[in-house]
2 protein chains.
Amino acid sequence: MLTTGQFSKICQVSVKTLHYYDKIGLLTPLRVDSLTGYRYYSREQMDRMLLIGRLKRYGFSLEEIADILVCGDERVLFSKLKHQKEKLTLQRQETELIISELSDHLQNFERTGNIMGYQKRYEICTVYTPDRAVIASRQMMGVKDFGTYFSSLYERMAKEELTPDGIRGAVYYDEEFNRECSDIELIAGVKQTGRADKIIKGRLCASTIHKGAYSSLSDAYGALVAWIEENGYAWDGAPYEIYTKTQFDGLAPKDWETEIYFPVKEKDDK
Amino acid sequence: MLTTGQFSKICQVSVKTLHYYDKIGLLTPLRVDSLTGYRYYSREQMDRMLLIGRLKRYGFSLEEIADILVCGDERVLFSKLKHQKEKLTLQRQETELIISELSDHLQNFERTGNIMGYQKRYEICTVYTPDRAVIASRQMMGVKDFGTYFSSLYERMAKEELTPDGIRGAVYYDEEFNRECSDIELIAGVKQTGRADKIIKGRLCASTIHKGAYSSLSDAYGALVAWIEENGYAWDGAPYEIYTKTQFDGLAPKDWETEIYFPVKEKDDK
DNA sequence: GATTGACTCTCCTCTAACGTCATAGTTTAT
DNA sequence: ATAAACTATGACGTTAGAGGAGAGTCAATC
């Protein structure tokens, strides 16, 4: 039988942590003296404690760990571990991306001496867009679901024997953009104009090209909105993006390119 | 002039976030109507908001961001960015390490079918250690300081023309091990017995070899402590580790090897 | 038996960066 | 004038404990 202090030393965790785990029921001591309230742990509980520490390291929350331990099914743990591995891999990619952005930022400073107001310069202009014949899939979705929906779109295209014209994009119907879940329509251009789901009519748009990963798309968005106001135009419809260079072209995030189109009309300023 | 809602949409942040930033003084609106309390932002504040978002993405806390923006010195920002880049790089390495540990864990499951109680099997035995002539440097330090102190130890060795014998290790004087800050003595073996700082006298130790990264050293530690109790020995002095295969040998974390020695004596169990 | 020092208990507050209600007041469009 | 949309404040919740106060307990020594 080990006291809290002894057990904490062996397991390399703080006494506070043991108290906390007891409180949330993650690791209750073998015996608690009902008179003094003193906790006593057994040597076998060390294994459980070490496993908890390991799972914590893998990035599980204490709640998830408790679930895993309560259920006690090895297959559950196995699949959760696999899932967690994917999550960590994604996280690593994300970190890598941020590092490369940060490097860009620093390089930019060395070239231009400007660092505080580091923002990409966006070349913005109005264009009259061409008609675009597309098949489309509109849903409430998050940015992370793009892959899934795009592949089903391409499957459909194959089934219906349509020929892609290389255009891929997304229309944002919500004014307030939320990357977890928004009203988004994915579109893929097809050559068979007659058999398309819809034709995005050509019209006046303010447009720019965003170079780099999607994480800084909001910069482009902001620049466009500002430009539209400043140049006497007004927002007039759902904006959309066309992904011209992406991971599907085998490129690294920093080389991706996205065209952004904002339907606008001239403001009748009185 | 933009209302909170408009500004939040342009900058792609929530209204709550704007409230919060106002409250902590990170981004106060240009004007606040003293009657209604309504906040109004200017278009120029968008730049500040975008910069805040960017810095947040780089991993700065809001407090750090506030410092940077208040001070407004470009050189400060530059050095902070560089520092942050290093931090992110370390973080990525750490994530990679965890991923490889997780992979090991999964592989281990596929081999042995055991996953819940996944713990390395440690071969533990008692040995009579040889005398070790070492130079040493004892301080309150954290695990992260090992690199610094080891290099100064090796510098000293070069200056005093001592010959290293390849032994590198650390003695832990605190019972309670804390990886941030503990009473630790780094040691490096030398061939000139007479000129060593100290000689670690040969004696009876319980010992094992830990294979893999240091993050799971506590598993070995726990296994040893348990073994010592179970086999009728008692803890008798500060434990130490010898790093036999490390990054200095050009190895990946999973191939590192650490010998752990726990001075013990036979317990006089009555 | 008394004292001392080390240990342990419970209970309280605090962290970061907001999200989530609840309730009340304001603006704008019809 | 009224409804719909927007905004404000304020309280509480989130994670995984850390830190501290004040009180009780244990083991060893005198």
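Below, chains carry the letters A, B, ... as their sequence lines are ordered, and counting in each starts from 1.
- For the OP1/OP2 pair of D:dT7 and a distance below 4.0 Å, the side-chain nitrogens and oxygens of B:Thr3 include at least one atom meeting the criterion.
- Not one side-chain nitrogen or oxygen of A:Tyr40 sits closer than 4.0 Å to the OP1 or OP2 atom of C:dT8.
- The aromatic rings of B:Phe78 and A:Phe109 are tilted relative to each other, their planes meeting at an angle between 30° and 60°.
- Atom OG in B:Ser103 sits 12.0 Å away from atom CG in B:Asn108 (nearest 0.5 Å).
- Here the P atom of nucleotide C:dC18 and the CD1 atom of B:Ile52 are 10 Å apart, to the nearest Å.
- The pair A:Lys80-A:Asp67 does not count as a salt bridge, with every side-chain nitrogen at least 4.0 angstrom from each carboxylate oxygen.
- If you check distances only, the side chain of A:Lys16 does reach the base of D:dG20 with a donor-acceptor pair under 3.5 Å.
- At whole-Å resolution of the value, CZ in B:Phe7 and P in D:dT7 are 13 Å apart.
- Side-chain to base pairing of A:Tyr38 with D:dG24: one donor and one acceptor N or O lie within less than 3.5 Å of each other.
- Summarising the geometry, the separation between CG on A:Leu62 and P on D:dT14 is reported as 14 Å, rounded to the nearest angstrom.
- At D:dC6, none of the side-chain N or O atoms of B:Thr4 fall inside 4.0 Å of OP1 or OP2 (strictly under the cut-off).
- Counting only heavy atoms from C-beta on, B:Lys56 has its side chain closest to C:dC18 among D:dT25, D:dG17, C:dC18.
- For C:dC18, the OP1/OP2 oxygens have a side-chain nitrogen or oxygen of B:Tyr21 closer than 4.0 Å.
- Counting to the nearest Å, the P atom of C:dC9 and the CG atom of A:Asp22 are 9 Å from each other.
- Contact annotation: B:Arg39 reaches the phosphate of D:dA8 (side-chain N/O to OP1 or OP2, under 4.0 Å).
- Listed pair B:His19 / C:dC18 fails the phosphate criterion, with no side-chain N or O lying under 4.0 Å from OP1 or OP2.
- Summarising the geometry, the separation between CD on A:Gln6 and P on C:dT8 is reported as 7 Å, rounded to the nearest angstrom.
- For the pair A:Ile24 CD1 and D:dT15 P, the computed distance is 10 Å after rounding to whole Å.
- Between the side chains of A:Glu241 and A:Tyr172, at least one donor N or O sits under 3.5 Å from an acceptor N or O.
- Using a 4.5 Å heavy-atom threshold, the side chains of B:Met141 and B:Phe146 count as touching.
- For the pair B:Ser14 and C:dG19, the criterion of a side-chain N or O lying under 4.0 Å from OP1 or OP2 is met.
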- Can you check salt bridge (charged side-chain N to carboxylate O under 4.0 Å, His left out) on B:Arg57 and A:Glu94, steps first, answer last? CA-CA 10 Å; B:Arg57 206 173 139 67; A:Glu94 177 72 7; 3.0 Å; yes
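- Going from atom CG of B:Leu26 over to atom C1' of C:dA16 covers 13 Å, rounded to whole Å.
- With rounding to whole Å, A:Asp33 atom CG is found 12 Å from D:dC26 atom C1'.
- Here A:Thr17 reaches the OP1 or OP2 of D:dA18: one of its side-chain N or O atoms lies under 4.0 Å away.
- Where B:Gly5 and A:Leu35 meet DNA chain D, the nucleotide closest to each residue was compared, and B:Gly5 sits on the side nearer the 5' end.
- The residue A:Lys23 sits apart from the nucleic acid: no heavy atom pair falls under 4.0 Å.
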